[in-house]
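Since the structure comes first, as structure tokens, the remarks are kept for the end.
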Amino acid sequence: QVQLVESGGALVQPGGSLRLSCAASGIIFSINTMAWYRQAPGKQRELVASMTSNGYTNYADSVKGRFTISRDNAKNTVFLQMNSLKPEDTAVYYCYVPVTYWGQGTQVTVSS
């Protein structure tokens, strides 16, 4: 049984930082691409960042230079470091293992 459990979402002021974590179980973590998506109210879910098993990363243009995806294969965990947060980053953030598995999401709210 595959489980993806996100944590780290919070209310933060504009310009602040957060670090999201996603702990995975039930998969061979080290060989899988891992990704973060987000969905804001009234909008479609969108890719934020992804990282392949060999470390290749891909970012949405809106987060390049501000967000960093990383992974710890020994701990079966993927991270999303988010800096210089903006109100438009407000969304539920989901961990994703292509093509099937989603986490339950963690809320990030950027507001003063």
Side-chain angles (χ1 to χ4, degrees):
Q1 180 180 355
V2 177
Q3 280 195 311
L4 302 173
V5 180
E6 301 101 331
S7 60
L11 170 63
V12 62
Q13 291 188 342
S17 297
L18 282 176
R19 189 191 196 205
L20 305 184
S21 300
C22 171
S25 60
I27 60 171
I28 305 173
F29 182 85
S30 61
I31 68 172
N32 278 279
T33 293
M34 300 296 297
W36 288 95
Y37 278 71
R38 67 185 180 187
Q39 188 165 20
K43 294 188 176 181
Q44 289 190 332
R45 195 170 295 190
E46 63 176 358
L47 175 68
V48 177
S50 63
M51 177 177 268
T52 65
S53 59
N54 60 7
Y56 177 81
T57 58
N58 182 46
Y59 294 93
D61 287 343
S62 59
V63 307
K64 282 180 181 177
R66 300 188 298 123
F67 290 12
T68 303
I69 188 171
S70 62
R71 61 194 294 162
D72 184 339
N73 289 340
K75 295 183 179 180
N76 286 4
T77 302
V78 61
F79 305 98
L80 185 68
Q81 178 66 44
M82 306 186 294
N83 299 329
S84 301
L85 283 161
K86 305 175 181 180
E88 52 263 44
D89 294 318
T90 296
V92 178
Y93 284 70
Y94 296 92
C95 184
Y96 175 60
V97 180
V99 295
T100 305
Y101 303 111
W102 293 93
Q104 82 288 349
T106 186
Q107 177 70 48
V108 172
T109 303
V110 185
S111 175
S112 55

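The analysis underlying the following values was restricted to heavy atoms, covering all of them including side chains, and did not include hydrogens, waters or symmetry mates.
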key: Stepwise side chain to side chain contact (heavy atoms under 4.5 Å, CB included) test for Val2 and Val97   = CA-CA 10 Å; Val2 177; Val97 180; 5.7 Å; no

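- A donor-acceptor pair under 3.5 Å is absent between the side-chain atoms of Gln39 and the main chain of Val92, judged by distance alone.
- Counting heavy atoms from C-beta on, the side chains of Gln81 and Ser17 come closer than 4.5 Å.
- In this structure, the side chains of Val78 and Cys95 come closer than 4.5 Å at one or more pairs of heavy atoms.
- In this structure, Asn32 contributes its side chain and Met34 its backbone to no donor-acceptor pair below 3.5 Å.
- With hydrophobic clusters built from ILVMFWY side chains whose heavy atoms lie under 4.5 angstrom apart, Val99 shares a cluster with Leu47.
- Aromatic rings of Trp102 and Tyr96 (six-membered ring for Trp) have centroids within the 6.0 Å cut-off, being under it.
- Among all heavy-atom pairs drawn from Ala49 and Tyr59, the shortest one is CB-CD2, 3.6 Å.
- Looking at Ser111, its side chain never comes within 3.5 Å of a backbone N or O of Thr109 through a donor-acceptor pair.
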request  = Could you walk me through whether Trp36 and Cys22 pass side chain to side chain contact (heavy atoms under 4.5 Å, CB included), step by step?
outcome  = CA-CA 9 Å; Trp36 288 95; Cys22 171; 3.7 Å; yes

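- How far OG1 of Thr52 is from CD1 of Ile31: 12.5 Å, rounded to the nearest 0.5 Å.
- Nearest heavy-atom pair, Met82 versus Val108, reported as atom, atom and distance to 0.1 Å: CE-CG2, 3.8 Å.
- Taking every heavy atom of both residues into account, Ser50 and Thr33 meet most closely at CB-CG2, 4.5 Å.
- The number of heavy-atom neighbours closer than 6.0 Å to CD of Gln44, taken from other residues, nucleotides and ligands shown, is 12 or below.
- Note: Asn83 CG to Arg66 CZ = 9.0 Å, rounded to the nearest 0.5 Å.
- In plain terms, the two heavy atoms of Leu4 and Ala24 that are nearest each other are CD2-CB, 3.5 Å.
- Residues Glu6 and Gly103 approach most closely at OE2-CA, 3.2 Å, considering heavy atoms.
- Follow the hydrophobic side-chain contacts under 4.5 Å out from Tyr94 and you never reach Phe67; the two are in separate clusters.
- Linking ILVMFWY residues whenever their side-chain heavy atoms come closer than 4.5 Å, directly or via other members, leaves Tyr37 and Leu80 in distinct clusters.
- Residues Leu85 and Leu11 are members of separate hydrophobic clusters, defined by side-chain heavy-atom contacts under 4.5 angstrom among Ile, Leu, Val, Met, Phe, Trp and Tyr.
- No donor-acceptor distance shorter than 3.5 angstrom exists from the side chain of Arg71 to the backbone of Gly55, with no hydrogens or angles considered.
- With a 4.5 Å cut-off on side-chain heavy atoms, Thr90 and Gln107 count as touching.
- Lys86 has no carboxylate O lying under 4.0 Å from a charged side-chain N of Asp89, or vice versa, which leaves the two without a salt bridge.
- For Arg38 and Tyr93, the side-chain atoms include at least one donor-acceptor pair closer than 3.5 Å.
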key: Audit row: Arg19, Phe79, side chain to side chain contact (heavy atoms under 4.5 Å, CB included) steps and yes/no   = CA-CA 7 Å; Arg19 189 191 196 205; Phe79 305 98; 3.6 Å; yes

